[in-house]
Amino acid sequence: MNARFRLLCFVFAGLLLLPSLDQVLGLSSRFSSTENRAISGIPPLNFPHVRSFVRQFDRYYKENFGWRNALFYGYSRWKLNLLGQSPLPEKVVVGKNGWFFLGNSYNRVVDQHRGLQPLSPDSARYMARHLAQRQQELARQGIRLYVLIAPDSHSIYPENLPDHLQPAPGPTRLDVLREAVSATSVPFVDIRDTLRAEKGRHVVYYQTDTHWNDYGTLIGSAALLNRIRQDQPTRPPILLSDFRIEKQRGGGGDLVTMMTVQNERKDEVFYYIQPNANRVARQTATVPNPASGFPSTRFTGPGVGRLLFIGDSFSHSMMPFMAAYFQESFFVRDKKLDTSLVSAERPDIVVVEVVERNISNLANL
């Protein structure tokens, strides 16, 4: 056996041992997982269920083998920077002009906008009737209900989607639902046109994140409050002059963080928005919410009335804007409207916010 062959065997054996050494010694510990995935733990071995253990351990090892995160770090840059493709195509879509979009692993959002996951008129009518029923239940308690749809970035910036993933012509799922709800008296706040009109002046969504930015949040909050003012005209509107708005350099959002390139791919602008002194709400409490994993937040403000706001992650940035126009506000991350919570809070107004890709959740509100 010559020296070259022995060296080759030694290197090969070392490569085989590297993953195990990394798991024991943590050699690649500086490369943390950012893929937004649930990581399984080491499965228990329970006799006689050996086959089940083998399947579970196979999954565990594929998700946790040594150097996995470091290898993904390199793969992500090769795929994105050299090939211009997403290393996580089901989670992140690489768009045009520095834009990134949420992928199909999140409620088939891309297929929804391509018309491949249509909402049937019958389903839309069922959802509309359900919303009307909840509206009537609240009305008997003297409470007004408003439903706000936070648009997907796919709806507001379709020109930045890849050519092969452009939205389909014709009515969208949200269009179908809006048509069905229009046959009821439920205030259904669809702000797509408002945000599309505003994007010509300012960027209203993060380029590297799934959410609207603070400027888009402010515009969306103003549109919601304007709809509420149709029923309560004495309530003051949200005016841009009530806020100091500064443009700053942006950072990397959740989409690029999943691909580990958050320090290289950043938003062109970040809006730093501060309210004037007369429009400042004060956070008074955070309440644990085990059901969602996100704490509920209570505010007092210079406005009038009591607001109960049920929403998803898009509602988080709305809190300081909306709370300033009510005397008391309570923001809860949830998919359902809990009647016991309504009884405990005794609000004048209930707002239910849901992002466009999850409008089907309204059937179970």
Side-chain angles (χ1 to χ4, degrees), residues 34-36 76-119 149-178 190-217 219-220 223 250-262 264-271 312-314 317 354-360:
T34 61
E35 298 170 59
N36 196 22
S76 181
R77 280 151 181 76
W78 170 75
K79 191 82 169 179
L80 183 62
N81 297 334
L82 295 182
L83 301 183
Q85 300 174 5
S86 173
L88 300 169
E90 286 298 303
K91 292 184 177 181
V92 182
V93 172
V94 178
K96 304 174 184 176
N97 304 313
W99 281 81
F100 297 85
F101 297 87
L102 200 60
N104 260 336
S105 63
Y106 297 88
N107 213 12
R108 310 298 300 178
V109 58
V110 175
D111 286 350
Q112 286 188 33
H113 288 279
R114 295 179 66 202
L116 303 178
Q117 298 280 325
L119 179 67
I149 308 300
D152 295 321
S153 58
H154 311 62
S155 290
I156 307 304
Y157 289 96
E159 67 276 12
N160 289 315
L161 281 164
D163 291 336
H164 67 287
L165 297 180
Q166 285 295 308
T172 66
R173 290 166 55 89
L174 182 50
D175 292 332
V176 174
L177 179 59
R178 183 179 63 181
D190 175 10
I191 58 176
R192 288 176 295 175
D193 288 342
T194 301
L195 290 167
R196 288 166 183 158
E198 192 62 34
K199 76 175 187 179
R201 292 179 286 271
H202 294 277
V203 182
V204 294
Y205 275 67
Y206 290 112
Q207 295 174 256
T208 65
D209 198 279
T210 56
H211 300 91
W212 48 20
N213 60 26
D214 281 2
Y215 189 85
T217 303
I219 297 301
D254 57 6
L255 294 174
V256 292
T257 297
M258 281 192 278
M259 300 185 293
T260 73
V261 295
Q262 66 272 19
E264 303 155 30
R265 303 296 182 100
K266 299 181 179 181
D267 280 86
E268 295 178 0
V269 62
F270 171 80
Y271 291 94
D312 52 35
S313 58
F314 274 73
S317 57
V354 62
V355 68
E356 182 180 358
R357 56 185 169 271
N358 293 334
I359 57 174
S360 295

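For V204, the side-chain contact (heavy atoms from CB on, under 4.5 Å) test picks out I156, Y157, L195, E198, K199, Y215, with sequence neighbours left out. By the side-chain contact (heavy atoms from CB on, under 4.5 Å) test, Q112 is found to be paired with N107, Q117, R173, R357, residues two or more places apart in sequence or in another chain being considered. Qualifying side chain to side chain donor-acceptor pair (under 3.5 Å) partners for D214, counting only residues two or more places apart in sequence or in other chains: none. Every residue meeting the side-chain contact (heavy atoms from CB on, under 4.5 Å) condition with P162, not counting sequence neighbours, appears here in chain and number order: V93, H164, L165. Taking R196 as the reference, D193 meet the side chain to side chain donor-acceptor pair (under 3.5 Å) condition, with sequence neighbours excluded. Residues passing the side chain to side chain donor-acceptor pair (under 3.5 Å) test with S313, sequence neighbours excluded: H211. Residues that satisfy the salt bridge (Lys or Arg N to Asp or Glu O under 4.0 Å) test with R192, not counting sequence neighbours, are D175, D190. With sequence neighbours left out, H154 forms a ring pair (Phe, Tyr, Trp, His ring centres under 6.0 Å) with F101, H113. Annotation: side-chain contact (heavy atoms from CB on, under 4.5 Å) contacts of Q85 (sequence neighbours excluded): K79, L83. Take S76 and apply the side chain to side chain donor-acceptor pair (under 3.5 Å) test, not counting sequence neighbours, and it matches no residue.
Inter-residue side-chain proximity for Y205 and P151 is flagged as met; some heavy-atom pair is nearer than 4.5 Å. Contact of the R77 side chain with the T260 side chain is registered, since non-hydrogen atoms from C-beta on lie closer than 4.5 Å.
Looking only at distances, a side-chain donor or acceptor of Q166 sits under 3.5 Å from a matching main-chain atom of L161. Between the side chain of D254 and the main chain of T210, a donor-acceptor pair closer than 3.5 Å is present. Panel note: side chain E356, backbone I149; no donor-acceptor pair is recorded below 3.5 Å. Judged by distance alone, with hydrogens and angles left aside, the side-chain atoms of N213 form a donor-acceptor pair with the main-chain N or O of G216 at under 3.5 Å.
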- prompt: Does the side chain to side chain contact (heavy atoms under 4.5 Å, CB included) test come out yes or no for N81 and E264, once each step is laid out?
  reply: CA-CA 10 Å; N81 297 334; E264 303 155 30; 4.1 Å; yes

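Screening residues 102-112 for salt bridge (charged side-chain N to carboxylate O under 4.0 Å, His left out), with sequence neighbours left out, gives E90-R108, R108-D111.
A distance of 7.5 Å separates CG in D267 from CG in D209, rounded to the nearest 0.5 Å.
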